[in-house]
Amino acid sequence: MAQHQLEPHDDFKIVYKHSGVAPGEYFEEFTISITSSDKQRLINEIRQSRYFVPAGQQPADFHTSRHTPTKTILQQDYEDQFAFIREYAEILPDEPPVYHTIYIYKKDNTMQYHESDE
């Protein structure tokens with residue numbers, strides 16, 4: 001999460017962790033319990049990001065960006081009905097894209113990280 005400039009400063013607890021491999025695919029995800037102050041700070045960081053997609057605009061679908069001739073980094077931050085979200089995609093020539101998504105959930109003090117390649 002440090003790579004994406006969204007990391008808790010206070011103590012946190014890992015409540016779920018899972019990873020797996022399938023032919024041509026890898027994924028890792030975990031959920032942590034964070035403090036209310038970390039939650040508010042992280043939400044503010046997403047809202048103030050230069051990549052924040054304003055309400056009413058549809059976020060891009062990074063999964064349609066699969067191959068580029070040069071290294072391409074995509075990032076967007078947005079809010080949906082359940083969470084504040086940071087999406088990040090790293091697309092390299094001749095390699096499967098790697099997608100990272102971080103969710104700061106509205107209903108409770110949890111943060112989820114998901115990484116996958118296809």
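This one's a predicted model, so the numbers in the text were calculated from it and none came from an experiment.
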Minimum heavy-atom distance [X]-[Y], with the two atoms named:
X	Y	answer
Thr35	Asp11	CG2-O, 3.9 Å
Tyr26	Asp117	N-OD1, 2.8 Å
Asn109	Lys39	OD1-CD, 3.2 Å
Pro69	Pro93	O-CG, 3.3 Å

Using 0.5 Å steps for rounding, measure from the [atom1] atom of [X] to the [atom2] atom of [Y].
X	Y	atom1	atom2	result
Leu92	Lys71	CG	NZ	6.0 Å
Thr110	Lys13	OG1	NZ	13.0 Å
Phe52	Gln75	CZ	CD	12.5 Å
Ser36	Gln40	OG	CD	9.0 Å

Side-chain contact, heavy-atom cut-off 4.5 Å: [X] with [Y]?
X	Y	value
Phe82	Lys107	no
Ser19	Phe30	no
Ile34	Asp10	no
Tyr78	Gln57	no

Are [X] and [Y] connected, step by step, through hydrophobic side chains (Ile, Leu, Val, Met, Phe, Trp, Tyr) whose heavy atoms are closer than 4.5 Å?
X	Y	answer
Tyr105	Ile32	no
Val53	Ile43	no
Tyr103	Leu42	no

Trace of the side chain to side chain contact (heavy atoms under 4.5 Å, CB included) decision for Tyr99 with His114: CA-CA 8 Å; Tyr99 304 102; His114 181 86; over 6 Å; no

Expected output: side-chain Gln76 to main-chain Ala60 donor-acceptor under 3.5 Å: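 Yes, because the side chain of Gln76 sits within donor-acceptor range (under 3.5 Å) of the backbone of Ala60.
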
Side chain to side chain contact (heavy atoms under 4.5 Å, CB included) against Thr72, all qualifying residues, sequence neighbours excluded: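 Partners of Thr72 under the side chain to side chain contact (heavy atoms under 4.5 Å, CB included) test: Thr68, Thr70, Leu74, Ile91.
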
Stepwise side chain to side chain contact (heavy atoms under 4.5 Å, CB included) check, Phe84 with Lys106: CA-CA 7 Å; Phe84 289 85; Lys106 294 177 179 181; 3.9 Å; yes

Aromatic plane relationship, Tyr88 with His100 - under 30° parallel, 30 to 60° tilted, over 60° perpendicular: perpendicular

Side chain to side chain contact (heavy atoms under 4.5 Å, CB included) assessment of Ile46 paired with Ile85: CA-CA 7 Å; Ile46 287 174; Ile85 302 161; over 6 Å; no

